[in-house]
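Residue numbers run from 1 in the order of the sequence given.
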Amino acid sequence: MLPLTEDTEELEQCLGMCDGLLLTGGHDVDPAVYGEEAIPECGQCCHARDVMEAYLLKRAVEKDLPVFGICRGIQVLNTCLGGNLYQDISSQTERDFPIAHQQPFYYNIPCHRVSITENTLLHSICHGRNQIAVNSCHHQSVHIPAPGLVVSAVAPDGIIEAIEKPDYPNFFLGVQWHPEYLWDRDEASMGLFQAFVDACKRVV
């Protein structure tokens, strides 16, 4: 776990001890990061974290380190590489069959399924399964994927749930759900962490 700081010298020292970068859930990404004004439904942002994680991601990519984004993490991956977000799914999308992206029960129980794109990293991690059950705790999501990123999972209502970078020389994947609440009971969730750790072990 890294300290919250914008000191690039300290961040370089921290990153030098890391074999990979895991970006976790948390605050909303400031819409200014992707060139938009905040709408009333946008949640609390953390400028220091936006700056810190943008720097860490840039340097991790330059070093070809494994990169894994969870919830806010997938949004950081997308916005820092040139994509944007729905600041608030409910107010910015029209869906014929909306589902609960902020589930009303605890996160160790899945609340909806996602469809997985074939021939993707996520598809291989999930052993060729075309659908998996996931939990959900977010009101923002990827809108337009950044150049070079591909969508590897979508929810039944069309919301993007996973993105990855196929030309990256190492592990590069972001998921909108929270596998850290499901890993001990779900093979796909455990597989995500195992694949990330295996990629980190290969770093020299």
Side-chain angles (χ1 to χ4, degrees), residues 22-47 49-50 53-54 57 67-117 120-123 126 129-165 172-183 186 188-189 192:
L22 171 60
L23 299 173
T24 66
H27 301 85
D28 285 359
V29 177
D30 187 343
V33 171
Y34 46 97
E36 294 184 10
E37 304 289 338
I39 65 172
E41 293 81 5
C42 184
Q44 185 177 17
C45 303
C46 177
H47 175 77
R49 187 171 177 187
D50 288 341
E53 292 184 344
L57 177 60
V67 176
F68 186 22
I70 294 175
C71 196
R72 169 190 159 91
I74 185 179
Q75 298 165 12
V76 171
L77 299 187
N78 192 54
T79 55
C80 288
L81 293 181
N84 68 358
L85 306 177
Y86 288 119
Q87 294 184 41
D88 180 69
I89 294 171
S90 295
S91 61
Q92 291 188 303
T93 64
E94 295 183 4
R95 297 166 292 150
D96 293 334
F97 302 100
I99 60 176
H101 287 285
Q102 292 180 297
Q103 66 186 64
F105 42 85
Y106 194 59
Y107 312 127
N108 63 351
I109 302 174
C111 72
H112 68 79
R113 303 186 72 81
V114 297
S115 298
I116 302 173
T117 306
T120 58
L121 173 61
L122 179 61
H123 193 245
C126 295
R129 294 166 61 185
N130 293 324
Q131 285 192 339
I132 59 172
V134 302
N135 53 13
S136 198
C137 180
H138 64 106
H139 80 109
Q140 297 195 324
S141 69
V142 172
H143 179 198
I144 299 175
L149 299 183
V150 300
V151 175
S152 48
V154 295
D157 57 1
I159 294 299
I160 294 172
E161 292 275 343
I163 55 174
E164 56 189 70
K165 189 171 174 58
F172 191 105
L173 176 65
V175 299
Q176 188 58 69
W177 63 93
H178 286 269
E180 72 271 23
Y181 287 103
L182 300 171
W183 68 271
D186 176 66
S189 296
L192 286 167

Under the side chain to side chain donor-acceptor pair (under 3.5 Å) rule, collect the residues that match up with [X], sequence neighbours excluded.
{"X": "Asp30", "answer": "none"}
{"X": "His139", "answer": "Asp28, Asp88"}
{"X": "Ser90", "answer": "none"}

So which atom in [X] and which in [Y] form the shortest heavy-atom distance, rounded to 0.1 Å?
{"X": "Gly83", "Y": "Ala146", "value": "N-CB, 3.4 Å"}
{"X": "Ile159", "Y": "Ile89", "value": "CD1-CG2, 3.9 Å"}
{"X": "Arg113", "Y": "Ala133", "value": "NH1-CB, 3.9 Å"}
{"X": "Leu57", "Y": "Val67", "value": "CD1-CG1, 3.9 Å"}
{"X": "Asn135", "Y": "Trp177", "value": "O-CB, 3.2 Å"}
{"X": "Ala162", "Y": "Ile74", "value": "CA-CD1, 3.8 Å"}

Scan for salt bridge (charged side-chain N to carboxylate O under 4.0 Å, His left out) pairs involving residues 68-79, sequence neighbours excluded, and state none if there are none.
-> Asp50-Arg72, Glu53-Arg72
What residue pairs, at least two apart or across chains, pass salt bridge (charged side-chain N to carboxylate O under 4.0 Å, His left out) with a residue in residues 134-149?
-> none
Would you say that [X] contacts [Y] through its side chain, given a criterion of any heavy-atom pair below 4.5 Å between the two side chains?
{"X": "Pro179", "Y": "Ile70", "answer": "yes"}
{"X": "Ser115", "Y": "Gln131", "answer": "yes"}
{"X": "Val175", "Y": "Phe68", "answer": "yes"}

Show your reasoning for whether side-chain hydrogen bond (donor to acceptor under 3.5 Å, both in side chains) applies to Asp157 and His112.
-> CA-CA 10 Å; Asp157 57 1; His112 68 79; over 6 Å; no
List the steps, then state whether side chain to side chain contact (heavy atoms under 4.5 Å, CB included) holds for His101 with Ser141.
-> CA-CA 10 Å; His101 287 285; Ser141 69; over 6 Å; no
Would you mind telling me which of Ile160, Leu77, Val150 makes a side chain to side chain contact (heavy atoms under 4.5 Å, CB included) with Pro145?
-> Ile160
State whether the side chain of [X] and the backbone N or O of [Y] hold a donor-acceptor pair below 3.5 Å, judged by distance alone.
{"X": "Gln103", "Y": "Ser136", "value": "yes"}
{"X": "Glu164", "Y": "Leu121", "value": "yes"}
{"X": "Gln92", "Y": "Gln87", "value": "yes"}

Start with the C-alpha distance between Gln140 and His138, add both sets of side-chain angles, then the distance that settles side-chain hydrogen bond (donor to acceptor under 3.5 Å, both in side chains), and finish with yes or no.
-> CA-CA 6 Å; Gln140 297 195 324; His138 64 106; over 6 Å; no
Whether Tyr106 and Tyr181 hold their rings parallel, tilted or perpendicular, with breakpoints at 30° and 60° = perpendicular
Which side-chain hydrogen bond (donor to acceptor under 3.5 Å, both in side chains) pairs, counting each pair once, include a residue from residues 73-83, with sequence neighbours left out?
-> Gln75-Gln176
